[in-house]
Amino acid sequence: MAHWLMKSEPEELSIKDFQRLGETRWDGVRNYQARNFMRAMAPDDTFFFYHSSCAQPGIVGIGRIVQAAYPDPSALDPGGAYFDAKSSEQKNRWSAVNVSFVEAFPQVLKISFLKQQSSLEKLPLVQKGTRLSVMPVTAEQWQAILALR
DNA sequence: GCCAACGTTGGC
DNA sequence: GCCAACGTTGGC
């Protein structure tokens with residue numbers, strides 16, 4: 001079982017929204033590297049839910065993959081924010097996964113705090129210049145972050 | 001709002 | 001295939 005980290009802007013989907021929904025589709029990823037990580041996801045993989053572009057950016061909870069990657073329907077919706085004119089029913093460049101809520105942390109593990117952890121030095125999230133919205137988390141990093149809750 | 005850093009686009 | 005210009009991300 002693998003571990004991941006996925007970023008969401010809370011104005012788009014917050015951990016509270018996620019908790020209320022229980023299960024949802026994770027779509028709209030429009031970066032090839034992030035997409036490729038999504039395609040490597042398998043049911044029962046777990047991920048940290050990260051709030052980005054907000055007052056308190058950081059890790060706020062945990063989710064689980066319930067369905068492996070499939071063509072992202074949002075790329076085919078001409079009225080939607082994630083429409084991609086270069087994708088079609090036959091050839092959709094983008095992928096979505098289905099995810100379920102697992103846990104919300106009692107407090108935000110702020111990015112400034114995570115950057116202070118030597119155990120997380122290699123996590124792309126804290127590395128300068130990295131803006132991946134979906135990334136792998138090693139077993140060691142997973143445990144280190146769990147211990148910070 | 002600023003701006004560093006990165007990704008994408010498109011002319012050549 | 002190069003690379004300048006532009007767009008986006010995302011912390012601060």
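All chains are named by letter (A, B, ...) in the order of the sequence lines, taking the proteins before the strands, and each is independently numbered beginning at 1. Predicted model, so just to flag it, every value in this text is computed and none were measured.
Looking at residues two or more places apart in sequence or on another chain, you find no side-chain hydrogen bond (donor to acceptor under 3.5 Å, both in side chains) involving D27(A). Listed by chain and residue number, R20(A) satisfy the salt bridge (charged side-chain N to carboxylate O under 4.0 Å, His left out) test with D17(A) (two or more places apart in sequence, or in another chain). Applying the side-chain hydrogen bond (donor to acceptor under 3.5 Å, both in side chains) rule to Q56(A) yields no partners; only residues at least two apart in sequence or on another chain are considered. Shown here are the side-chain hydrogen bond (donor to acceptor under 3.5 Å, both in side chains) partners of Q127(A), two or more places apart in sequence or in another chain: there are none. Applying the side-chain hydrogen bond (donor to acceptor under 3.5 Å, both in side chains) test to R30(A) and every residue at least two apart in sequence or in another chain returns D72(A), S74(A).
For the salt bridge (charged side-chain N to carboxylate O under 4.0 Å, His left out) condition, the pairs that include at least one residue of residues 91-100 of chain A, sequence neighbours left out, are D84(A)-R93(A). Pairs engaging residues 69-96 of chain A under the ring pair (Phe, Tyr, Trp, His ring centres under 6.0 Å) rule: Y32(A)-W94(A) [sequence neighbours left out]. Pairs engaging residues 122-149 of chain A under the ring pair (Phe, Tyr, Trp, His ring centres under 6.0 Å) rule: H3(A)-W142(A), F48(A)-W142(A) [sequence neighbours left out].
Within residues 72-87 of chain A, the residues having any heavy atom under 4.0 Å from DNA chain B are, by residue number, K86(A). Of the residues in residues 24-41 of chain A, none has a non-hydrogen atom less than 4.0 angstrom from any atom of DNA chain C.
Between N98(A) and W26(A), the side chains place no donor N or O within less than 3.5 Å of an acceptor N or O (distance only, hydrogens not considered).
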Exercise. Quick one: what's the B/S/- string for nucleotides 2-12 of chain C, heavy-atom cutoff under 4.0 Å, read 5' to 3'?
Worked result: -----BBBBSS
Acceptor/donor pairs from residues 102-109 of chain A side chains to any protein atom, 3.5 angstrom cut, sequence neighbours excluded:
unit_1  : atom_1 : unit_2  : atom_2 : d
E103(A) : OE1    : R149(A) : NH1    : 3.3
E103(A) : OE2    : R149(A) : NH1    : 2.7

